[in-house]
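One structure below.
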Amino acid sequence: MKTRRLGRNGPVVSAIGLGCMGMSQSYGPPDEAGGTATIHRALELGVTFLDTADVYGPFTNEELVGRAIRGRREEVFLATKCGFVPGGDGRPTAVDGSPEHIRAACDASLRRLGVRTIDLYYLHRVDPRTPIEESVRAMAGLVDAGKVRYLGLSEVSARTLHRAQAVHPITAVQSEYSLWTRDPETGVLPACRELGVGFVPFSPLGRGFFSGTVRTLDGLPADDFRRGLPRFQEASLTENLRLVDRLSAVAQEKGCTAAQLALAWLLAQGEDIVPIPGTKRRKYLEENAAAVDLELSPSDLARIESAVPKGSAAGERYPPQSFALIER
């Protein structure tokens, strides 16, 4: 596995990470055995940048990851997040970025993960009631206490990132970024590059869409959260499948899968980018990891852009109510 430096002065991590959320929620029934086996295989392949959060499950994904890395902590660069507050049904319904919540959430994450230190600790969403300076100051206190090594933010605006950076160095920003979600290119990504902050795209395969395995909603589990996403609805799905088919045609000529091509395109957008495709299956993990070896020429990149032009995705990436907690 190739490596990249996360931010100008940050740690060296695997060039592709592993998002662990789907092992516990959102994409069908939880699969601890499969998730554990996938994490173990990831470490064998050198995919050592693992991403989780307290709200995944909620709380159970950190426990799964913690059990999976027991006895292998030194092999892992471990990222988790705080800030979301789950409601009665377990889904995040509010954000709390207060210093009191951040400190308590960190202690709870350390217990669930079974570790002494979190390598990268993100604020999952900005709390509109708490100035970002207060949240980051509390997170900086965790660094001083030896509980956290590096700080990150998720789904923030460029302005908020600048304010946060003035309080304590931010190592990474995590946001959705893929061939069909290009928003960061004209928002927070230029700010990251100005400040020397690494960028960690989640859902780099469009929530599995660019794997080419989702053709209808019929094959998705009843509780799969993609059933509620606008881009997967019938009105948008037909248009979006055309994008996948065009990308697949390019991939076939390159001798790779559409998913690998989508990841290679993302890696080619800059050495400061470290995507974290999520999966609970070893087959897809191995496919994703191999994307680091796929070389793309300027001609290849132009063909990919032509197949999936910027702004070509039909439908929003979230329902309207979900955008309330995302800075743009």
Side-chain angles (χ1 to χ4, degrees), residues 6 11 13 17-26 29-40 42-43 47-127 130 134-154 168 170-172 174 200 202 276 278 280:
L6 198 57
V13 299
L18 174 61
C20 298
M21 180 188 77
M23 301 171 186
S24 301
Q25 68 168 68
S26 298
D31 184 1
E32 176 154 357
T36 299
T38 297
I39 291 173
H40 290 167
L43 300 186
V47 179
T48 55
F49 181 15
L50 305 184
D51 181 90
T52 181
D54 58 2
V55 76
Y56 297 161
F59 311 125
T60 56
N61 193 244
E62 286 184 325
E63 293 174 344
L64 184 159
V65 172
R67 286 190 289 268
I69 67 173
R70 196 159 295 155
R72 306 183 69 173
R73 176 65 181 95
E74 70 283 356
E75 301 176 49
V76 174
F77 186 84
L78 183 60
T80 191
K81 314 175 196 71
C82 68
F84 266 131
V85 180
D89 62 355
R91 297 184 181 186
T93 56
V95 171
D96 189 345
S98 67
E100 296 79 13
H101 178 81
I102 288 171
R103 288 190 286 266
C106 181
D107 287 342
S109 287
L110 289 168
R111 287 194 299 271
R112 284 188 292 268
L113 290 163
V115 300
R116 294 182 178 179
T117 306
I118 295 163
D119 294 311
L120 176 58
Y121 199 47
Y122 293 98
L123 184 64
H124 213 152
R125 295 289 187 274
V126 175
D127 180 357
T130 304
E134 291 185 19
S135 297
V136 173
R137 201 169 292 119
M139 297 170 74
L142 300 175
V143 176
D144 294 338
K147 297 179 179 181
V148 170
R149 292 178 61 206
Y150 300 99
L151 302 185
L153 302 173
S154 181
H168 187 278
I170 301 299
T171 295
Q174 182 177 134
V200 179
F202 71 82
I276 50 168
K280 52 188 173 184

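What you are looking at is a predicted structure, and each value in this text was computed from that prediction instead of being measured. Just so it is clear, the values below take in all heavy atoms, side chains as well, and ignore hydrogens, waters and symmetry mates.
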Do [X] and [Y] come close enough that some side-chain heavy atom pair is under 4.5 Å?
| X | Y | value |
| --- | --- | --- |
| V126 | V95 | no |
| L123 | S154 | no |
| V115 | L110 | yes |
| S109 | I118 | yes |
| T52 | L113 | yes |
| I39 | V76 | no |
| P11 | T171 | yes |
| C106 | V148 | yes |

Under the side-chain contact (heavy atoms from CB on, under 4.5 Å) test, residues paired with [X] that sit two or more places apart:
| X | value |
| --- | --- |
| D31 | A33, K280 |
| A42 | L18, V47, L285 |
| A145 | K147 |

ring-ring contact (aromatic ring centres under 6.0 Å, His included) with F77: which residues, sequence neighbours excluded?
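Only F49 meet the ring-ring contact (aromatic ring centres under 6.0 Å, His included) criterion with F77.
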Using the test ring-ring contact (aromatic ring centres under 6.0 Å, His included), find all partners of Y122 that sit at least two apart in sequence or belong to another chain.
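Checked Y122 against ring-ring contact (aromatic ring centres under 6.0 Å, His included); zero matches.
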Can you measure from CG (L151) to CG (L142) and round to the nearest 0.5 angstrom?
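One finds 8.0 Å between CG of L151 and CG of L142.
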Atom pair SG/CG of C20 and L78 - distance to nearest 0.5 Å
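Rounded to the nearest 0.5 Å, the SG-CG separation comes out at 8.5 Å.
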Heavy-atom donor-acceptor pair, [X] side chain to [Y] backbone, under 3.5 Å:
| X | Y | value |
| --- | --- | --- |
| E63 | R112 | no |
| S26 | G22 | no |
| H40 | A68 | yes |

Qualifying residues under side-chain hydrogen bond (donor to acceptor under 3.5 Å, both in side chains), relative to [X], sequence neighbours excluded:
| X | answer |
| --- | --- |
| T48 | none |
| T36 | none |
| R70 | none |
| S24 | N61 |

Of all pairs that satisfy side chain to side chain donor-acceptor pair (under 3.5 Å), the ones with a partner from residues 73-88, not counting sequence neighbours:
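Output for this query lists D51-K81, Y56-K81, E62-T80, R72-E75, R73-D119.
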Search all heavy atoms of [X] against all heavy atoms of [Y] and return the closest pair with its distance.
| X | Y | answer |
| --- | --- | --- |
| G57 | Q25 | N-OE1, 2.6 Å |
| M139 | G152 | CE-O, 3.7 Å |
| T130 | G97 | CG2-O, 3.5 Å |
| V143 | R149 | CG1-O, 4.1 Å |
| L120 | A172 | CD2-CB, 4.1 Å |
| C82 | Y121 | CB-OH, 3.0 Å |

What residues form a salt bridge (charged side-chain N to carboxylate O under 4.0 Å, His left out) with E32, not counting sequence neighbours?
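Checked E32 against salt bridge (charged side-chain N to carboxylate O under 4.0 Å, His left out); matches are R67.
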Trace of the side chain to side chain contact (heavy atoms under 4.5 Å, CB included) decision for H101 with D127:
CA-CA 11 Å; H101 178 81; D127 180 357; over 6 Å; no
